[in-house]
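Scope of the values below: all heavy atoms of this structure, side chains included, with no hydrogens, waters or symmetry mates. Atoms within a ligand are numbered from 1 in the order they appear, just like the ligands themselves. Bear in mind that the values here come from a model prediction, so they are computed numbers and not experimental data. This chain uses plain numbering: 1 for the first residue, then up along the sequence.
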Amino acid sequence: MQASGRLHVGNLVGALKNWVDLQDKYDCFYFIADWHALTAGYADPSTIKDSTTDLLVNFLAAGLDPVKSTIFIQSMVPQHAELHLLLSMITPLGWLERVPSYKEKQEQMKEKDLSTYGFLGYPVLQTADIIIYRAKYVPVGVDQMPHLEISREIARRFNNFYAAEVFPEPEALLTEFPKVVGLDGRKMSKSYDNAIYLSDTPDAVELKIRTMVTDPARIRRYDKGNPELSPVYQLHKIFSTKEELAFVAHGCSTAEIGCIECKKVLIKNIFAYLDPIWKKRNELVSSPDMLVDIARKGSEKARTVAEDTMKTVRRMMGLMSSNR
Ligand code: SF4
């Protein structure tokens, strides 16, 4: 996960909870991609350190366990950079130029100059991140499949050039993520400024939900609404019980309940969902030494595995450093 902003409830429900479950089935590697954050944020890196710490806190608060999984910081495992460099030697420029997000992001982020070598090479770094652990699976949603395809192509090209099966072609571990809407009804995203962040205080969360967009037809208390048109109801679908959902749907469409009452139920349920995470966050934030220790130990574990792969890669690519 890229260290370029705070984590929100959409990330938690959409990805992080799934990662927590995967820990019991696989040998997982989870990391905070601080170098990736620089590819678009190089001009102002002032928030990267804080984002990295916040992400680590959220990883742990959500239930990622440094005993079960390898949790680390990308820039603390320099082997990723070395493999990125070596893979860049064999990656055709055309492959990178045709990655859809290359042009899309340049269009979307016009305020930034993304015509850089680092930004173009983002998929190569991403490939290095994955294949350096000879990963078999990458947990992704359907929309991220094209990104994984280029990693598979680069791994295949390496194996073909050097006549070796060094890298397995990583496969997608597809997951059905519930789509989480934001406060304005669009997908929850930090770029839309419509998110509930894990670092928000309970008061801030309450205020955000109280002022959330509803079905526009419910202007007055006695106007009947259609819950399906209300982002509040979409969040109820994730956080509320079946009985509460039925109560809200009926109450909204008959105007038996008002939006304030409806939102109170949602606030209660989101609080119950976030409460253990808030408690854990508070504990972690007050123990910065422990966080540093977790990041160090995880990165050390990752370095050992990554170095093992790099020994083979250096040898395959005829480098003197393979003897070191
Ligand atoms: S009652 Fe609830 S679901 Fe219906 S419009 Fe109001 S907030 Fe939305």
Are the aromatic ring centres of Phe29 and Tyr137 under 6.0 angstrom apart?
-> no
Top protein contact for atom 8 (Fe) of ligand 1, by heavy-atom distance | Ser230 OG, 2.3 Å
Answer yes or no as to whether an N/O/S atom of Cys252 is found below 2.8 Å from atom 6 (Fe) of ligand 1.
-> no
Out of curiosity, Ser230 OG to Arg218 CZ, how far, rounded to the nearest 0.5 Å?
-> 9.0 Å
is_close_aromatic(His8, Tyr192), centroid dist under 6.0 Å = no
Closer than 2.8 Å to atom 8 (Fe) of ligand 1, do we get an N, O or S atom from Thr214, backbone or side chain?
-> no
Quick note on ligand 1: atoms under 4.0 Å from a heavy atom of Val232 include exactly 7 (S), 8 (Fe)
What protein heavy atom sits nearest atom 6 (Fe) of ligand 1, and how far off is it?
-> Cys259 SG, 2.3 Å
Working to the nearest 0.5 Å, report the span between CE of Met290 and CG of Leu284.
-> 4.5 Å
Look only at the side chain of Asn194 and the backbone of Lys187, and say whether a donor-acceptor pair between them is shorter than 3.5 Å.
-> yes
Asp215 contact mode with ligand 1 (heavy-atom cut-off under 4.0 Å) = both
A student checking ligand 1 against Arg218 at a 4.0 Å heavy-atom cut-off should list atoms 1 (S), 5 (S)
Using a cut-off of strictly less than 2.8 Å, determine whether Cys262 has an N/O/S atom near atom 4 (Fe) of ligand 1.
-> no
Between His80 and Tyr133, does the ring centroid distance fall short of 6.0 Å?
-> yes
